[in-house]
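Fair warning: this is a prediction, and the values are worked out from it, not measured in the lab. Residue indices begin at 1 and follow the sequence shown.
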Amino acid sequence: MHDPNFVVGAGPDAPVVIGTILEIIVALAGIGTAIVLHPVVRRQNETVALGFVGARVLEASAIFAGVVSLLSVVRLRQAGAGTDALVTAQALVAQYDGFFLGQGLLPVANALLLGSLLYRSRLVPRILPVLGFIGAPLLLSALIGTMFGINDSQTAWSGLTVIPIALWEFSLGIYLVVKGFKPSPITAGLTAAGQGTAAR
């Protein structure tokens, strides 16, 4: 897609379409994780928990907008728009890059919002949200550097700053699948409510 002549070139469109499908799955999964976690973490702080859901929805919206940009370029190519579409296609790819950079800011917000909820509630080992707290400012510094032209998204610094956030999200998911939440007053209340509903 970053080939300036992509829209007039030859070759399969399938890799781009598959990539956009995967991005849509990521967007929907992000919203899904926020909705699933909300009933638990809102017992710690409802405002912050709602903010986390909002940030996930905003992140998904940026992904969807980027997907529309890329699929528009593919449609122009399939329609045989030719050289007349070069500028439009390049603008759409640049728009996608802008959305991609913007959506990169949202994992920072997600790490701080969800991390603070899980750190205070002790629903998971505290080392997990601490990874998010470490990763958030590192990722933010790389993104700000990219916005001001000091850094590039393909540099080693950008790659390194993604690692703590990726570890935070991956390890949290694995921990919750394998162990679930640690016993706490929050989960005890949910368990009691669930048992009461089942008894009725």
Side-chain angles (χ1 to χ4, degrees), residues 22-66 99-148 150-151 153-195:
L22 293 174
E23 287 208 42
I24 290 169
I25 292 170
V26 167
L28 295 175
I31 295 172
T33 56
I35 291 171
V36 167
L37 289 172
H38 184 264
V40 179
V41 295
R42 75 185 174 99
R43 292 169 174 257
Q44 178 64 38
N45 186 315
E46 188 158 4
T47 304
V48 176
L50 194 56
F52 174 61
V53 173
R56 283 292 202 189
V57 171
L58 186 59
E59 184 177 9
S61 301
I63 292 171
F64 291 143
F99 280 122
F100 191 76
L101 184 60
Q103 87 186 43
L105 291 170
L106 291 164
V108 173
N110 293 335
L112 295 175
L113 292 167
L114 182 59
S116 65
L117 291 166
L118 295 178
Y119 186 85
R120 285 189 220 140
S121 64
R122 297 179 183 265
L123 289 169
V124 297
R126 283 188 153 182
I127 186 63
L128 297 181
V130 166
L131 280 172
F133 296 150
I134 292 168
L138 289 174
L139 181 58
L140 183 61
S141 70
L143 290 167
I144 290 173
T146 303
M147 287 178 179
F148 284 98
I150 302 166
N151 185 37
S153 61
Q154 305 300 320
T155 61
W157 174 245
S158 293
L160 288 172
T161 59
V162 171
I163 292 172
I165 287 284
L167 280 174
W168 143 248
E169 292 187 354
F170 182 73
S171 59
L172 177 64
I174 294 295
Y175 182 87
L176 290 177
V177 167
V178 173
K179 295 239 181 186
F181 289 119
K182 290 168 69 176
S184 77
I186 292 174
T187 55
L190 286 172
T191 304
Q195 287 172 346

Enquirer: Could you give the distance from NE2 (His38) to CZ (Arg43), rounded to the nearest 0.5 Å?
Expert: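 CZ of Arg43 is found 11.5 Å from NE2 of His38.
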Enquirer: Write down the atom of Asn45, the atom of Val48, and the distance for their closest heavy-atom approach.
Expert: OD1-N, 3.1 Å
Enquirer: Nearest 0.5 Å, please: how far is OG1 in Thr161 from CD1 in Ile134?
Expert: 13.5 Å
Enquirer: With rounding to the nearest 0.5 angstrom, report the CD1 to CD1 distance, Ile25 to Ile63.
Expert: 11.5 Å
Enquirer: Determine the minimum heavy-atom distance between Val41 and Ala49, stating which atoms define it.
Expert: CG2-CB, 3.8 Å
Enquirer: Under the side-chain contact (heavy atoms from CB on, under 4.5 Å) rule, what do Asn110 and Arg56 come out as? Steps first, then yes or no, please.
Expert: CA-CA 7 Å; Asn110 293 335; Arg56 283 292 202 189; 3.6 Å; yes
Enquirer: Please report the closest heavy-atom contact between Gly115 and Pro129, naming both atoms and the distance.
Expert: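 Taking every non-hydrogen atom into account, O-CB, 3.4 Å.
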Enquirer: Which of these passes side chain to side chain contact (heavy atoms under 4.5 Å, CB included) with Val108: Ile165, Leu113, Leu140?
Expert: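 Passing option: Leu140.
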Enquirer: Report, one line per pair, each donor and acceptor closer than 3.5 Å where one atom sits in a side chain of residues 168-182; sequence neighbours left out.
Expert:
unit_1 : atom_1 : unit_2 : atom_2 : d
Ser171 : OG     : Leu167 : O      : 2.5
Ser171 : OG     : Trp168 : O      : 3.3

Enquirer: Compare every heavy atom of Gln44 with every heavy atom of Leu117, then report the nearest pair and how far apart it is.
Expert: O-CG, 3.8 Å
Enquirer: Side-chain contact test, heavy atoms from C-beta onward, threshold under 4.5 Å: evaluate it for Leu128 versus Leu118 and give yes or no.
Expert: no
Enquirer: Quick one: pull up CD1 in Ile163 and CG in Leu160 and give me the separation to the nearest 0.5 Å.
Expert: 5.0 Å
Enquirer: Indicate yes or no: at least one non-hydrogen side-chain atom of Leu105 is less than 4.5 angstrom from one of Met147.
Expert: yes
Enquirer: Indicate the atoms forming the closest heavy-atom contact of Ala111 with Phe133, along with that distance.
Expert: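 Heavy-atom minimum between the residues: O-CE2, 4.0 Å.
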Enquirer: Quick one, Thr146 and Trp157 - any side-chain contact, counting heavy atoms below 4.5 Å?
Expert: no
Enquirer: Hey, what do you get for CG (Leu123) to CG (Leu114), rounding to the nearest 0.5 Å?
Expert: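 Answer rounded to 0.5 Å: 9.5 Å.
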Enquirer: Nearest 0.5 Å, what's the CG-CG distance between Leu143 and Leu138?
Expert: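 With rounding to 0.5 Å, CG (Leu143) is 11.0 Å from CG (Leu138).
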